[in-house]
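FYI, side chains are in, hydrogens and waters are out, and symmetry mates aren't considered; it's all heavy atoms of this structure.
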Amino acid sequence: MGAGHDARTGRGPSVVARRALRTTLAACVSFFVCLYALDRPVAATYALFGVVSMAALSHIPGTGRQRVAVLIRTTPVAWVLVTIGTYLAVRTWTAVAGMLLIGFALAFVAVAGPRAAGAAPGLQLLYILPCFPPYAPDTLGERLAGATFGLLLLVLAEAFVLPEEPGPTYRRLASGAAGTAARCAAELGRAPYTLSAASTEAALASGESLRPFRVDEADRPAGPGLRDRALTHAGLAARTLLGRMVNLPPPPRPPGPLPMELESEVLTAVGRAVGESAALLDGTADSTEAAGVLRKVREEAASAAAREPPTTAARGRRRAALLEVADAAVALVTAAELAVRGRRAQVPCDVDAGRFWYAGRLAPGLWWHRVAGHAGPRSVHFQNAVRISLALAAARTIAGVDSLPHGFWAMLAVLSLTRTTAAQTRATVRVAITGTLLGALVTGILLALIGGHTVVYAIALPFVMLTAFRVGPVRGVGWAQGMFTLVVAFVFAQLAPVTWQLAEVRILDVVIGSLIGVVFGVLAWPRGAERELHRAVALLLTREAETVERTTGAVVEGGPGRTPDDEPLLHALTMAETAFAQHQSEPRTHEGPRPDWQAAMMTGHHVLWGSRRLLVRGGPAVGPENGARLDGRATGLATRMRREAQRAGRAPGDPEPEGALPPLGADADGPPGLSSPRFFSALAWLDSLAVDVARVTASGHPFGPARPKSPSAPGKPSAPGEPAAPGEPAAPA
């Protein structure tokens, strides 16, 4: 029990203390009003546990006002769950069947992002509470009224009692990054046509600020809706744009690769468009005229480059890099408009259908796309939902068959103690049982001493509850279970006469629930995301290798532009990022060689968008000599990617793959001679991928082959799939 730590700081009491005070205030006031003022013990029970479920068992991120928005949206769901639980309590088998289905659905809702995932445990409890006997549908109105009253007081407490100061939103950070890009574009348009050291540092810092782990969970655009997808895309596009600007090579002298007036026009259009997008994201302007100008200038520059005769390496690389800057800027301005205006955005009909596939889609279709993508045993969201639903159903079966007193405590133990790995669950259970035993001992002594003096329990309850919700999140699960044992004893002592044996029942329930959690933790994907991450990264690297070879072959042969079929790569990238996100919260189970997961996923983003950029436009064949150069580079990259796929997919202790690897560096024949713009674009793409692959195989990265087991830096977990430097934008899944 208890909310997790929150990194948000401010003046006055800590965040945990504020939340404990709000929870205690809402729970105790609603409980006392229903029990003593209205003489409604059923309503009092549901009022108190409604608050505890959504404020203590749930981990809804964000400030109080952000949690209020989640609570308001989930209150109708709470009514439905209480109603279903009430009517399914008629038989044990109906309650178990409902637990199996509802438990899976509520756990699987984690695919919708951290807010939905945070509310799910509390909603589970709101079904668990009424699904136990007695079968009393005549009390449904009182149950709903009590739960609603408790949630109403919790909403008021979250909104007005010691509110936290909100941090910077992701939209505001994306606006700042776009503003930085606008200033960089202006500087690149002036001699010496490169960024100063100060501007480079500002660009990199602005890009780093858009990493999701640097933003509070509540502000991360992780939902399946159009605006969230577009805002994620805008952040990734801004990071890409800033990275392209930092690495833009200076123009050769004389002359530049494009007519200098056209190059200046491109940078001017980029600066104006991204500056306009910064104002749009910040809410200070509503214009998108400069975005249309940028799209037109980008097409003119690409057409002018395609008509030019073959050029030298220095000129070709500058031209390719400049067009990549324009492409990243177009992606940013398009995503920004979608993020702000949603389906009302005036996106051109010829926009990249692959990159912005979600534009204009209705919410049900986007939700279905997210759910369908995770509806299988290779998704860690699916695995977690199956694990928790089976464990809850088993606990409900045992409680019903054995007529376990206060059996919902056993289910509560399953819900709060089961972790994603068997090792974590066993460790948590040991501490939880120890805490429960100590808490039960203290509880039994107090119940024996106080006896039936209800007034004493009523006076002490707020202080005990405040201590429990303040100490538990800080001191760990053992303290949380021990203190919560005391809380429930003081609550039930006011509802009906109790003896010290209530503490004994509490111990029995927690032990049974803990054992069920351990059993299903061992039986259902006991290693959590560890093995799934190995599989997902191995598949991702294989898909990357296939895409590199296929794209390079199309560039060498030439031909008309076409939209690539990169759905397999995109799906593999989504599965790998999801598994990595869960893996970040799990302890490492063994030492030894392993790929750099983060670099592998960064490469996936880069492969995805580089391939689309090269194939959508089309172009002539690059010629035999330069074709051989691209083929050689692509073969070396693909071989390295497949080798890393073998390393990622092997079990611990298996031997390393054997065989010599081709070099990743430049060809021995020296720099290319004259060639087409498409050749230089493909070469720049393969060169940057070579850097990514070298990072995957390096030995000094956070999860690299030669690094011994050690804890990561506190407070700085890596975010799923994020590159160490600004990378390609990915299509939000």
Side-chain angles (χ1 to χ4, degrees), residues 58-62 66-67 69-81 84 101-124 126-127 170-171 212 217-236 334-335 337-345 347 353-386 388-389 566-568 570-579 581-582 720-721 729-733:
S58 294
H59 303 277
I60 303 173
Q66 289 172 320
R67 290 190 293 274
V70 177
L71 290 171
I72 291 175
R73 288 195 296 268
T74 55
T75 296
V77 180
W79 296 337
V80 172
L81 293 174
I84 293 175
L101 296 176
I102 293 173
F104 177 87
L106 291 176
F108 192 62
V109 81
V111 300
R115 294 189 192 184
L123 294 174
Q124 297 268 25
L126 287 175
Y127 169 78
Y170 196 81
R171 180 168 159 176
E217 280 186 292
D219 292 312
R220 295 174 192 170
L226 189 153
R227 293 177 188 266
D228 267 11
R229 293 176 188 270
L231 189 55
T232 299
H233 200 159
L236 290 165
T334 304
E337 184 173 1
L338 287 168
V340 174
R341 296 178 176 173
R343 296 182 62 228
R344 298 183 294 105
V347 178
R355 184 175 292 190
F356 300 101
W357 62 271
Y358 52 85
R361 295 279 191 94
L362 295 175
L366 294 174
W367 269 88
W368 175 252
H369 186 276
R370 173 69 63 86
V371 170
H374 288 277
R378 296 278 71 89
S379 167
V380 292
H381 289 312
F382 182 88
Q383 294 174 6
N384 293 336
V386 169
I388 194 65
S389 63
D566 48 26
E567 184 63 29
L570 182 57
H571 185 263
L573 183 57
T574 300
M575 293 295 101
E577 289 186 327
T578 305
Q582 178 172 307

*Asks:* Could you tell me whether a side-chain N or O of Thr578 sits under 3.5 Å from a main-chain N or O of Thr574, the two making a donor and an acceptor?
*Replies:*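 Yes, because the side chain of Thr578 sits within donor-acceptor range (under 3.5 Å) of the backbone of Thr574.
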*Asks:* For residues 102-110, dump all side-chain donor-acceptor pairs below 3.5 Å to protein atoms at least two apart in sequence or in another chain.
*Replies:*
none

*Asks:* For the backbone of Leu226 and the side chain of Arg361, can you confirm whether one donor and one acceptor N or O come within less than 3.5 Å of each other?
*Replies:*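 No: the side chain of Arg361 does not pair with the backbone of Leu226.
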*Asks:* Checking the side chain of Asn384 only, and the main-chain atoms of Val380 only, is there a donor and an acceptor separated by less than 3.5 Å?
*Replies:*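 The answer is yes, because a donor-acceptor pair under 3.5 Å joins these two groups.
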*Asks:* Given side chains that start at C-beta, do those of Thr75 and Trp79 come closer than 4.5 Å, heavy atoms only?
*Replies:*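 Answer yes - side chains close enough.
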*Asks:* Can you sort out the partners of Arg341 under salt bridge (charged side-chain N to carboxylate O under 4.0 Å, His left out), two or more places apart, ordered by chain and number?
*Replies:*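 Salt bridge (charged side-chain N to carboxylate O under 4.0 Å, His left out) check on Arg341 returns Asp286, Glu337.
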*Asks:* Indicate the atoms forming the closest heavy-atom contact of Ala230 with Leu338, along with that distance.
*Replies:*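 Of all heavy-atom pairs spanning Ala230 and Leu338, the closest is CB-CB, 3.5 Å.
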*Asks:* Do side-chain atoms of His374 reach the backbone of Phe382 as a donor and acceptor pair under 3.5 angstrom?
*Replies:*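 It does not hold such a pair.
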*Asks:* For the pair Val77 and Leu126, evaluate side chain to side chain contact (heavy atoms under 4.5 Å, CB included) and give the outcome as yes or no after the intermediate values.
*Replies:* CA-CA 10 Å; Val77 180; Leu126 287 175; over 6 Å; no
*Asks:* Where is the tightest heavy-atom contact between Pro121 and Ser58, given as atom of each residue plus distance?
*Replies:*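 So the minimum-distance heavy-atom pair works out to C-OG, 4.3 Å.
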*Asks:* Quick one: closest heavy-atom pair of Pro221 and Thr232, and the distance?
*Replies:*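 Smallest interatomic distance, heavy atoms only, reads O-OG1, 2.5 Å.
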*Asks:* Keeping Ser379 on the side-chain end and His381 on the backbone end, is there a donor-acceptor pair under 3.5 Å?
*Replies:*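 Answer holds: yes.
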*Asks:* Examine distances only and state if a side-chain atom of Arg229 and a backbone atom of Leu366 form a donor-acceptor pair shorter than 3.5 Å.
*Replies:*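 Yes, the answer is positive, given that a donor and an acceptor are paired below the 3.5 Å cut-off.
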*Asks:* Between Tyr358 and His369, does any side-chain donor sit less than 3.5 Å from a side-chain acceptor?
*Replies:*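 No - no donor-acceptor pair under 3.5 Å links their side chains.
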*Asks:* Check whether any side-chain heavy atom of Arg171 sits under 4.5 Å from a side-chain heavy atom of Val340, and report yes or no.
*Replies:*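 Side-chain contact under 4.5 Å: yes.
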*Asks:* Contact between Leu573 and Glu577 at the side-chain level, heavy atoms closer than 4.5 Å - yes or no?
*Replies:*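 Yes. Closest side-chain heavy atoms under 4.5 Å.
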*Asks:* Side chain to side chain contact (heavy atoms under 4.5 Å, CB included), that's the test. Do Asp219 and Gln66 meet it? Break it down for me.
*Replies:* CA-CA 9 Å; Asp219 292 312; Gln66 289 172 320; 2.9 Å; yes
*Asks:* Can you see which heavy atom on Ala112 is nearest to which on Pro224, and at what distance?
*Replies:*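 For Ala112 versus Pro224, the nearest heavy atoms are O-CD, 3.8 Å.
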